[in-house]
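I have placed the structure first, in the form of structure tokens, so that the comments after it can refer back to it.
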Amino acid sequence: MKLKAIVDVLSLESPMETLDLERDVTGGYVSDLLSDVIAHTHAGDIWITLQVHPNTIAVATLKELTAIIVIGENAPAEAAVSKAASEGIAIFTTDLPAFEVVGKLYEMGLRGQS
Amino acid sequence: MTDQPLFKKAFPVKGDFASAGEASVKVKNILKDIGYDSGVIRRVAVATYEAEMNVVMYGGGGEIVMAVNADHVNIIIVDQGPGIPDIKQALVEGYSTATEEMREMGFGAGMGLPNIRKNSNEFTIDSEMGKGTRLDLVFRCGG
């Protein structure tokens, strides 16, 4: 599924200046524990989390995740946004609770990869 | 173990959160560029990241040394931190000495050392109080 489809359905916003919305999303994962994410995500995943600091981006880079959806009121710090831009990771924000975000993604046909 | 590795490189790890994870990304990218076994790359990435974060959070900085061989990769992680008082306990899943601040950032799940052990084929940990900690890891192709 293209990132663009997800952005449209969830009305996601992004603090990034340029985004490649044609990138493929092949699965999803939700967690706020970085050890859990590093152990269990797969390349191409979209990651739903409260965490947004430069280490979040390091995890996403290492696991070749496509994008991060930051839930809640945590505005991504500038350091995280610029690091994400240089690593080609897309960051989005939403007012929706995590449960709603995951539910909508599942409804769209996205699944967790095992 | 006396064979010369095909490629060897050391990566300094600074003791700050801002650059944490960067050495692991470099290690992974080198293995990818070489076209190394993808299973080894995946396991090295997880273990090296966890070890790097430990060096940042507890070791106050250190070094990661990677040696690439035809059928295995050696990763050595060294810090000059305070050392681990009880290694057996530190290896128990869920046990963590992380501060409140680290936990708020999503660390401190007590999965670091267990994840490293799970993803490596050989795992040796040496720690001396007041001197530091050293991890010797081996990742075998097809293993």
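A note on names: the letters A, B, ... follow the listed sequences, proteins ahead of strands, and every chain is numbered from 1.
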Filtered by a 4.5 Å non-hydrogen cutoff, the part of residues 31-50 of chain B contacting chain A is B:Lys32, B:Ala45, B:Val46, B:Tyr49, B:Glu50

Check: So if you build clusters from Ile, Leu, Val, Met, Phe, Trp, Tyr with side-chain heavy-atom gaps below 4.5 Å, do B:Val138 and B:Val27 land together?
Finding: no

Same apolar cluster: B:Val65 and B:Val56, side chain cutoff 4.5 Å: no

Listed by number, the residues in residues 6-15 of chain B that come under 4.5 Å of chain A (heavy atom to heavy atom) are none

Cut-off 4.5 Å, heavy atoms of chain A, and the answer for B:Glu22 is side chain

Assess whether atom CD of A:Gln113 is packed by more than 12 heavy atoms of other residues, nucleotides or ligands within 6.0 Å.
-> yes

Are there over 12 heavy-atom neighbours, none belonging to A:Lys2, within less than 6.0 Å of that residue's NZ? yes

Worksheet item: In the single-linkage hydrophobic clustering (I, L, V, M, F, W, Y; side-chain heavy atoms under 4.5 Å), do A:Ile48 and A:Phe99 co-cluster?
Response: no

Residues 49-58 of chain A vs chain B, non-hydrogen distance cutoff under 4.5 Å, contacting residues -> A:Gln51, A:His53, A:Pro54, A:Asn55, A:Ala58

Residue from B:Ala18, B:Ser19, B:Ala20, B:Gly110 scoring the most non-hydrogen pairs under 4.5 Å with chain A is B:Ala20

In terms of heavy-atom pairs under 4.5 Å with chain A, the winner among B:Lys28, B:Met105, B:Met111 is B:Met105

Q) Do you reckon A:Val70 sits in the same ILVMFWY cluster as A:Leu3, going by side-chain contacts under 4.5 Å, direct or chained? A) yes

Around atom CG of A:Asp95, are there more than 12 heavy atoms from other residues, nucleotides or ligands closer than 6.0 Å?
no

Mind checking whether A:Val9 and A:Val30 sit in one hydrophobic cluster, side chains of I, L, V, M, F, W, Y counted as touching below 4.5 Å? yes

Using a 4.5 Å side-chain heavy-atom cut-off and chaining through intermediate ILVMFWY residues, the residues clustered with B:Val92 come out as B:Tyr95

A:Ser35 and B:Asn115 have their tightest heavy-atom pair at O-ND2, 3.4 Å

